[in-house]
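Computation of the quantities below employed the complete heavy-atom set of this structure, encompassing side-chain atoms and omitting hydrogens, waters and symmetry-equivalent molecules.
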Amino acid sequence: MSKDVLRNELFEAFANASDNIFIYVCDMKSDLSRWSQNTVDYFALEGEYMTGAGHKWMEKIHPDDRGAYLEDIDAVFSGRSSRHSCQYRAKNKFDDYVWLECKGSVIPDENGQPGVFAGLMTRLDNQNKYDPLTHLLTGYEMQNYDFTGRQGAAIIFGINGLRKMNTTSGYTYGNKVLKVFGECLQKLTGETDRIYRLQGDEFIVNSPGGTKKELVQLFRSVQSCCTRMDVAVDGVKSFSVSAGIVGYPQDGDTYHMLLSNLEHCLEYSKEQKTDQVVAFSEKIAARHKRVGMIHDALMRSIQNDFAGFELYFQPILDSRTREIVKCEALLRWKTPEIQDSAPYEFIKILEDSGGIREVGFWVMEDAVRHAAKWQRKYGNICVSFNVSYLQLLDETFIETLIAKTQEYGVDPGLIMVELTESCNAEDTSMLSRCFDRLRGMGFRIAMDDFGTEYASLGLLHDVSMDVLKIDQKFVRGLTEKENRADLAIIQSVVDMCRRLSIQTVAEGIETEEIQNLIREIGVSYLQGYLYSEPVPEAEFEKLLAKKGI
């Protein structure tokens with residue numbers, strides 16, 4: 001990009017036109033970009049000039065919106081499209097998500113090749129006093145409420161599964177859900193309460209002079225209204241909500257502080273998957289502080305050549321011979337300041353922050369490296385590793401996997417890609433294309449944790465698989481008295497897979513008795529603590545040297 005473009009007077013003019021409009025321009029060849037100073041300040045970016053800004057910006061985008069953003073922006077940078085148009089939420093310097101409409105265009109160079117990508121982002125939350133869909137006040141209006149010197153309480157509601165409703169039933173249905181919920185709040189709240197609709201699935205009720213106890217009762221009434229619809233309202237069926245509550249001034253005395261604490265409570269409530277209300281507490285505050293500490297430590301680890309990350313390996317045995325024929329590579333991480341973060345905790349933080357992309361590529365390469373080493377030393381040991389939906393949206397994923405396999409000289413048949421349970425497979429056609437290409441080159445594909453929310457029959461119908469891993473929740477209780485359901489489910493799954501020429505792995509085998517039952521059913525492979533917990537490389541190689549367990 002020339003200095004004339006970087007220092008263009010039009011850029012300066014547009015950059016200072018409005019506090020609600022954010023400008024950017026990027027040299028697509030050098031990946032050097034310039035962002036207006038108000039963008040840098042409002043979103044706490046590293047500077048006005050950046051390289052690799054696309055992935056740095058993605059860290060700011062709400063996890064639920066990253067898929068749509070990546071798909072749209074990748075179309076631009078791959079040359080499939082010359083225009084970018086997308087709406088999503090991005091985190092500002094106050095740790096609040098705001099809705100943006102982002103539009104951009106590609107300007108070709110003198111040879112007709114993509115040269116400059118320029119565009120602007122407009123804040124959507126500042127445009128209206130009233131939400132056009134529900135006719136409730138917008139979140140922006142809540143910013144104008146003066147909390148100073150006042151007492152009261154506020155509750156934030158989140159509609160559970162709205163995104164899935166939009167995907168399965170369409171956005172028209174999702175909008176009906178939002179309208180019905182808004183009407184429910186209007187019926188159940190008091191005259192002095194103020195109701196706001198934030199973007200997405202979130203609503204806030206501010207109750208001046210109210211108490212947390214009163215808002216807990218409001219939540220129960222609202223939950224009852226939503227989950228006990230005897231007759232569908234405007235075609236909307238029953239649904240559930242989660243909620244978080246704060247009191248002011250004790251939990252904060254400014255809009256930004258209260259909204260931040262409300263969001264933390266709601267997030268905690270949704271993570272518990274209990275459709276309940278959570279009041280702000282020292283526990284929530286400590287959890288938020290810990291998440292921040294882990295996030296910062298993770299980012300330092302990534303920047304420091306992935307220091308602290310390590311792969312552990314859990315053996316997978318042939319059910320007939322009880323010999324180790326495969327292993328699952330599992331990510332572990334710790335640093336001097338963070339010693340006790342479990343994978344479910346730090347992986348979620350990586351996914352939320354966008355760091356999962358870089359770490360995912362590191363896991364891929366390390367798994368391929370081990371597969372190559374063990375291929376030469378022990379023969380055909382298949383190494384599997386997990387991938388997330390966000391990784392699969394990255395068009396460089398497949399190319400990089402192929403390149404690394406060739407670089408290390410490993411047979412693709414000894415690499416298995418596992419689709420994780422957290423993979424929200426909205427675009428199954430995209431997954432099918434990815435996996436068909438990989439399978440065509442000899443790689444193997446597995447569906448992990450079959451039976452969980454996303455790992456379902458529907459996904460199995462749409463995406464070709466080599467291996468199906470039966471979730472351990474069906475395996476561990478097999479020996480319990482009168483537990484016929486799990487046994488019947490496993491037998492049916494194994495029979496179905498046999499007909500489809502799909503191999504099966506039973507996870508979570510912890511006793512000889514369960515192992516014997518599983519082997520009688522005819523499961524192809526065995527995995528669990530009966531044989532070994534996930535162990536570091538050196539310990540796993542000791543197991544390989546023994547061959548059988």
Side-chain angles (χ1 to χ4, degrees), residues 305-306 309-318 321 323-333 356-388 391-392 394-420 423 431-448 463-469 501-505 507 524-527 531-532 534-549:
D305 199 23
F306 301 96
F309 288 101
E310 182 181 5
L311 288 187
Y312 275 39
F313 304 91
Q314 187 172 34
I316 300 174
L317 283 63
D318 187 309
T321 64
E323 289 189 359
I324 300 174
V325 292
K326 306 178 190 291
C327 68
E328 181 178 0
L330 297 159
L331 184 62
R332 299 293 184 265
W333 171 77
I356 193 64
R357 179 184 184 275
E358 295 171 273
V359 174
F361 278 107
W362 179 87
V363 169
M364 172 202 291
E365 180 170 0
D366 211 40
V368 170
R369 181 177 65 83
H370 280 92
K373 174 184 177 183
W374 293 332
Q375 173 184 299
R376 294 189 296 269
K377 191 172 182 180
Y378 300 104
N380 297 332
I381 301 296
C382 181
V383 179
S384 70
F385 65 94
N386 296 323
V387 298
S388 69
Q391 289 172 271
L392 295 173
D394 190 324
E395 292 191 345
T396 63
F397 172 83
I398 292 179
E399 301 302 332
T400 304
L401 177 57
I402 294 171
K404 291 300 177 183
T405 304
Q406 294 172 344
E407 177 185 339
Y408 286 97
V410 65
D411 179 359
L414 299 181
I415 302 295
M416 185 159 68
V417 176
E418 292 195 21
L419 193 63
T420 64
C423 175
L431 291 180
S432 182
R433 291 191 300 271
C434 285
F435 290 158
D436 282 350
R437 185 180 176 196
L438 287 173
R439 294 179 80 228
M441 299 193 68
F443 295 95
R444 297 172 64 76
I445 305 298
M447 182 189 293
D448 194 17
V463 181
S464 298
M465 298 282 171
D466 298 294
V467 176
L468 185 149
K469 303 186 76 174
S501 299
I502 296 174
Q503 296 177 320
T504 50
V505 178
E507 300 178 298
S524 311
Y525 302 105
L526 313 170
Q527 182 177 357
Y531 315 111
S532 173
V535 293
E537 175 184 356
E539 292 184 42
F540 181 68
E541 289 188 350
K542 291 179 182 178
L543 296 174
L544 286 177
K546 292 192 231 177
K547 298 253 181 190
I549 294 181

Check your understanding: Can you list the residues that meet the ring-ring contact (aromatic ring centres under 6.0 Å, His included) rule with F313, with sequence neighbours excluded?
Key -> H370, W374, F540
**Study point:** A367 versus L311, closest heavy-atom pair with distance
**Key:** N-CD1, 3.7 Å
Practice item. Please report the closest heavy-atom contact between I445 and M465, naming both atoms and the distance. Key: CG2-SD, 3.6 Å
Point to revise | Any donor-acceptor N or O pair under 3.5 Å, side chains K326, Q527 | key: no
Check your understanding: Sequence neighbours excluded, which residues qualify as side-chain hydrogen bond (donor to acceptor under 3.5 Å, both in side chains) partners of Y312?
Key -> none
Point to revise | Residue pair E328 / S384, side-chain donor-acceptor N/O under 3.5 Å | key: no
**Study point:** Closest non-hydrogen atom pair, Q375 against G409
**Key:** NE2-O, 3.5 Å
Review point. What pairs with E539 under salt bridge (Lys or Arg N to Asp or Glu O under 4.0 Å), at least two apart in sequence or on another chain?
Key: none
Review point. Are side-chain N/O atoms of E365 and Y408 paired as donor and acceptor at under 3.5 Å?
Key: yes
Check your understanding: Are any side-chain N or O atoms of S524 and backbone N or O atoms of T504, one a donor and one an acceptor, separated by less than 3.5 Å?
Key -> yes
Check your understanding: Which atom names give the shortest non-hydrogen contact between M416 and C382, and what distance separates them?
Key -> CB-SG, 3.9 Å
Revision key, fill the gap. Contacts of N380 meeting side-chain hydrogen bond (donor to acceptor under 3.5 Å, both in side chains) (sequence neighbours excluded), chain-then-number -> none
Review point. Quick one: side-chain hydrogen bond (donor to acceptor under 3.5 Å, both in side chains) partners of R332, sequence neighbours excluded?
Key: none
Study note, to complete from the structure: When every non-hydrogen atom of S464 is compared with those of R439, the smallest separation belongs to CB-NH1, 3.2 Å
Exercise for review: Compare every heavy atom of V368 with every heavy atom of V410, then report the nearest pair and how far apart it is.
Suggested key: CG1-CG1, 3.8 Å
Revision key, fill the gap. Hits for side-chain hydrogen bond (donor to acceptor under 3.5 Å, both in side chains) against K377, two or more places apart or cross-chain, chain-then-number order -> none
